[in-house]
Amino acid sequence: MRSDSVKCGDQAAPARSLFNALGFTKEEMAKPMIGIVSSQNEIVPGHMNIDKIVDAVKLGVAEAGGMPVVFPAIAVCDGIAMGHIGMKYSLVTRDLIADSTECMALAHQFDALVMVPNCDKNVPGLLMAAARLNIPTVFVSGGPMLAGHVHGKKTSLSSMFEAVGAKAAGTIDEAELDYYVEHTCPSCGSCSGMYTANSMNCLTEAIGMGLRGNGTIPAVYSERIRLAKKAGYAVMDMLKKNIRPRDILTKEAFMNALAVDMALGCSTNTMLHLPAIAHEAGVDLDMEIANEVSDRTPNLCHLAPAGRTYMEDLNEAGGVYAVMNELSKKNLLNLDCITVTGKTVGENIAGAVNRDPETIRPIDEPFMPNGGIAVLKGNIAPDTGIVKRSAVAPEMMVHEGPARVFDCEEDAISAILGGKINAGDVVVIRYEGPKGGPGMREMLNPTSAIAGMGLGSSVALITDGRFSGASRGASIGHVSPEAAVGGPIALIEEGDIIRVDIPNNALNVKVSDEVLAERKKNWKPREPKVTSGYLARYEKLVTSGNRGAVLEIR
């Protein structure tokens, strides 16, 4: 066992004395040492219950013959960090989480790991660490929040943000806004729509790193405690069989994840996280392949913010395995991929039943014939621009209008809430990319303000930043190259006519190549917004959004 290096022999006697100080017995130290990465904290609703999940994992590991040892991982609440400098610190934690988990796992020589994440960057950060470390690893999340109820209708956090826009437009008052505050987020768990956290937790099932139900069983259900115990059993079985993350995280597994992503209508942030995880696993995953997958994969689910169903509804309908079973009917999955269960994808999903054809549409009756996400290209986005197609109103699938240009999110928000954006406009927010931000902030505030003010079916928004999974409408993010490195988005001027053509995967400004070339001659790089601390180091190492914003040593 790997942990023998810190538990056995004369050289390890000092380490054994420290295990003795920790209260471990000789009998425990004779067993495999299983690290349990706990993301519990008291600032993120999706993480406040993780201590109970961790306790259940510990029981499962111990019952299966392991020595469970807990250590922490950080997590940011994107909802609390939204709209201020805090959002610059969201995406960047993905790499801190991966790096710190690597440090803890190798410094203490764990034999295997159980990752207990839940929210947005915490899940991909730990998946990156799992791929990098390549020791047996199972994921079990904290689970999704129950939907809120406002005036008898289910709701979630995206409705809360849109209510802010509605108040600015004068369509609701202070009392109504307070009513939303009191009734939108009723329980612990990751926010209840198909936002980034739930998207990534569902994709751990699709890619083979999580057990059935990991993405959908609500946080408050006792079923999740039972799942956590099973995760403890599963990691011990993986250790015996020597099944490792890189055995699971193959190119075929990533293609499965992309297909499920398209069927579920996941957050656009998966287009950042999947290539970053693949990078750590040694798999080349070019996001341009997303359109190819989307073209052949129907969209089967319209969960909030795209529709009126929520994670609890998806769970009751049969969960991710039921979605995968529908996809398998058209041979859209590789069923031979191995998973943390020790079985193949095909074995796992055999017999999964779709119990609600309104929540999970049958494969022959989809919401859309193609997938929920599209990659757009053109003279604004030579590399990529990403849109959650399944959350775009039909009348906005093709849109042409004048550019309203802002060099930061705050200026755009002021203009939107100040009533300065008109129907037909295309809001451009730039210098918010991985380098320009730095940190590639989410733009949930401006997209929600646009929707809340009744402009969601008449105004488009493009940015080199990114969007929350809670964003809806013609919101195109991850525009690459970003403005900070002289990408064409930096050359757009107020009033330029922009054409968004989602069916044809196109994003262009109607300005000649000659004019753009002349503007590029006059363009000058901006001074970095941050010159010290972690963000300054991040800015120097981070790559483009189309590469997953991974860090690269230069």
Side-chain angles (χ1 to χ4, degrees), residues 35-61 68 70-81 90 93-94 97 101 113-127 129-130 137-148 156-157 185-205 207 209-232 234-235 266-267 269 273 303 310-312 314-315 319-320 340 468-470:
I36 302 171
V37 186
S38 171
S39 305
Q40 193 270 338
N41 65 45
E42 295 182 350
I43 190 63
V44 185
H47 291 241
M48 62 183 284
N49 66 315
I50 279 179
D51 54 343
K52 296 178 177 60
I53 306 297
V54 166
D55 286 345
V57 173
K58 288 175 69 177
L59 281 172
V61 167
V70 179
F71 65 88
I74 64 169
V76 163
C77 178
D78 279 20
I80 295 173
S90 173
T93 63
R94 188 183 69 180
I97 291 162
T101 302
L113 298 170
V114 179
M115 307 292 199
V116 191
N118 211 25
C119 288
D120 293 27
K121 313 310 166 301
N122 186 237
V123 184
L126 290 177
L127 280 165
T137 304
V138 175
F139 276 69
V140 56
S141 76
M145 184 183 291
L146 294 176
S156 59
L157 187 65
C185 297
S187 74
C188 61
S190 49
C191 297
S192 57
M194 187 53 79
Y195 309 148
T196 304
N198 292 326
S199 295
M200 291 307 304
N201 281 323
C202 286
L203 293 187
T204 60
E205 291 189 56
I207 211 166
M209 291 295 292
L211 301 178
R212 180 176 188 170
N214 181 56
T216 61
I217 298 169
V220 297
Y221 282 16
S222 297
E223 185 181 359
R224 184 155 290 277
I225 300 297
R226 297 195 296 272
L227 180 74
K229 292 175 183 176
K230 291 176 182 176
V235 79
C266 289
S267 164
N269 282 312
H273 300 322
L303 286 93
Y310 296 84
M311 295 306 296
E312 62 205 66
L314 178 59
N315 187 62
V320 176
V340 293
S468 165

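Note that this is a predicted model, so its numbers are computed, not measured.
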To the nearest 0.5 Å, what is the distance between OG (S187) and CE (M145)? 5.5 Å
Residues, nucleotides or ligands: over 12 heavy atoms within 6.0 Å of I43 CD1: no
Could you tell me which non-hydrogen atom of H47 sits nearest to which non-hydrogen atom of A75, and how far apart they are? CE1-CB, 3.3 Å
I'd like to know if the side chain of R224 and the backbone of V140 have a donor-acceptor N/O pair within less than 3.5 Å. no
I need the H273 NE2 to L203 CG distance, nearest 0.5 Å. 10.5 Å
Here's a test for you: under side chain to side chain donor-acceptor pair (under 3.5 Å), which of N198, N122, T196 qualifies with S190? N198
Please give me the minimum heavy-atom distance between D51 and Q40, naming the atom from each residue. N-CG, 3.5 Å
To the nearest 0.5 angstrom, please state how far the NZ atom of K52 sits from the OG atom of S222. 11.0 Å
Evaluate I36 against K58 for side chain to side chain contact (heavy atoms under 4.5 Å, CB included), listing each step before the verdict. CA-CA 8 Å; I36 302 171; K58 288 175 69 177; 3.4 Å; yes
Before you tell me yes or no, could you show the steps for Y310 and L303 under side chain to side chain contact (heavy atoms under 4.5 Å, CB included), namely the whole-Å CA-CA distance, both residues' side-chain angles and the distance that decides it to 0.1 Å? CA-CA 5 Å; Y310 296 84; L303 286 93; 5.6 Å; no
Taking Y195 as the fixed residue, which of S267, S156, S468 is the one that meets the side chain to side chain donor-acceptor pair (under 3.5 Å) rule? S156
Nearest non-hydrogen partners of D120 and D78, listed with the distance: OD2-OD2, 3.0 Å
Which atom pair, heavy atoms only, marks the closest approach of A73 to I97? CB-CG2, 4.5 Å
Hey, does C119 have a side-chain heavy atom less than 4.5 Å from the side chain of V76? no
When N49, N118, V44 are each screened for side-chain contact (heavy atoms from CB on, under 4.5 Å) with C188, the one that passes is N49
Over all heavy atoms of both residues, which pair between I53 and G142 is shortest? Give the atoms and the distance, please. CG1-CA, 4.3 Å
Give, for atom OG1 of T216 and atom OH of Y221, the distance between the pair rounded to the nearest 0.5 Å. 10.0 Å
Looking only at atom types and distance, does a side-chain atom of E312 sit under 3.5 Å from a main-chain N or O of A147, one as donor and one as acceptor? yes
Output, in order, the C-alpha distance, side-chain angles, deciding distance and verdict of side chain to side chain contact (heavy atoms under 4.5 Å, CB included) for M115 and T101. CA-CA 10 Å; M115 307 292 199; T101 302; 4.0 Å; yes
In terms of heavy-atom contacts, C202 and M311 come closest through SG-CE, 3.7 Å
CG-CG distance between N214 and N201, expressed to the nearest 0.5 angstrom: 5.5 Å
Could you give the distance from CZ (R212) to CD1 (I217), rounded to the nearest 0.5 Å? 9.5 Å
